[in-house]
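Worksheet: one structure, shown below.
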There are 2 protein chains.
Amino acid sequence: MKVSAQEEYGLRCLLQLARLGAGEALTLGQIAEREGISQANAGKVLWLLNKARLVNSTRGTKGGYQLSRPAAEIRLSEIIKVLDEGEVDGHCKTYPGVLDSCVHTGDCGIRSVIVNVHEAVERALSAITLAQLIGDERTVDTTLHQIRGLRPSTVTAEGAQ
Amino acid sequence: MKVSAQEEYGLRCLLQLARLGAGEALTLGQIAEREGISQANAGKVLWLLNKARLVNSTRGTKGGYQLSRPAAEIRLSEIIKVLDEGEVDGHCKTYPGVLDSCVHTGDCGIRSVIVNVHEAVERALSAITLAQLIGDERTVDTTLHQIRGLRPSTVTAEGAQ
DNA sequence: GCTATACCTGACTTTTTTGTCAAGATTGCT
DNA sequence: AGCAATCTTGACAAAAAAGTCAGGTATAGC
């Protein structure tokens, strides 16, 4: 249960674009340099983001990337979904469909857990927008702590059976 | 943001043990057979679980594995933490400490996100016990849907800036 | 239209994660 | 004591992910 490198880089690249003023754009080289990763690597990630229409790209001289929408309208859940896709479609290859029976046993109960966990993660991430991540670390941290979805007041967890 | 193979296998193995009666145990071969994985693979996972004292192992003839505590007292968050460790300690190797400055820039704001997401996941998982996962899929799914931590009633997500 | 800049894309290499193997160590039973 | 069943553990092999490279395509400016 971890954030993959591609997910983190995608987030970072988008954040760079989110900091720009209206009409401004960043070139691949600029983004790569600012994040300390190779241009090839940044290009791969941005190609995914472009394919999913999270960013717009313009080619040729004076080209570059910009967000396709205001940062306040882009949710982390979308970003993660885009960057996961192609590697993980569904939970794993072992499940033919989203709700068909598990390979091992139809009643393993594990798939429910995994599906529910993924739903919980997506819900938490959908409560955060790119715009909320601009600023210094302390500010961002404070903002995130104020989001209800991330910090439910109480959690009831009495074990049954 | 996905559940690794090792995490899933660990969960499955523990679930097999959770279904046993008091005093009963399962051998490595039995667990491996029931989950359809190799004995070597199951052995590796159970060694981790044993090292973390989530299971007890007894060697020699009549040996085997059993839970070290009642299933109702084992939370998913513990399990995931144990199975992640050794591969991911912290978020990544790039962070010296939990709250020290990021390698790229001190004000990237990304680490806050990742840390907060991990916390959200852990919180959701700590609301589920092994005992709640015993039973057929429909029952488990219903149980999980009733847990507040997994399904917050409302999520406020207005984008700032 | 030519050229320089910059994105696009598929093949390749390296690293990490998974999974396997085999030899060792511990216990119960005869 | 000796044997058989069982866990333990480190080294190795296969698969997947991450990252790199090089050639291709489009656009702006001259």
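To find a chain, count down the sequence lines: A is the first, B the second, and so on, and within it residues start at 1.
Considering only side-chain N and O atoms, A:Asn50 lies under 4.0 angstrom from the phosphate OP1 or OP2 of C:dC8. OP1 or OP2 of C:dC8 has at least one side-chain nitrogen or oxygen of A:Ser57 nearer than 4.0 Å. Phosphate contact (OP1/OP2 of D:dC7, side-chain N/O of B:Thr27, threshold under 4.0 Å): present. One finds no side-chain N or O of B:Thr61 lying less than 4.0 angstrom from the OP1 or OP2 phosphate oxygen of C:dC29. One finds no side-chain N or O of A:Tyr9 lying less than 4.0 angstrom from the OP1 or OP2 phosphate oxygen of D:dA17. The phosphate of D:dC21 (OP1 or OP2) has no side-chain N or O of A:Lys44 nearer than 4.0 angstrom.
At least one donor-acceptor pair under 3.5 Å links the side chain of B:Glu7 to the backbone N or O of A:Met1. In this structure, B:Ser68 contributes its side chain and B:Arg53 its backbone to a donor-acceptor pair below 3.5 Å.
Using a 4.0 Å heavy-atom distance criterion, A:Gly64 is classed as a sugar-phosphate-only contact. Across all strands shown, B:Ala40 has heavy atoms under 4.0 Å from base atoms, whether or not it also approaches the sugar-phosphate.
Remark: B:Glu78 engages B:Arg69 in a salt bridge, criterion side-chain N to carboxylate O under 4.0 Å.
For B:Trp47, whose side chain is taken as the heavy atoms from C-beta onward, the closest listed nucleotide among D:dG24, D:dT20, D:dT9 is D:dT9.
Nearest-nucleotide positions on DNA chain D for B:Gly63 and A:Gln39 put B:Gly63 closer to the 5' end.
For the side-chain hydrogen bond (donor to acceptor under 3.5 Å, both in side chains) criterion with B:Thr139, the lone passing option out of B:Thr142, B:Asp141, B:Thr143, B:Asp136 is B:Asp136.
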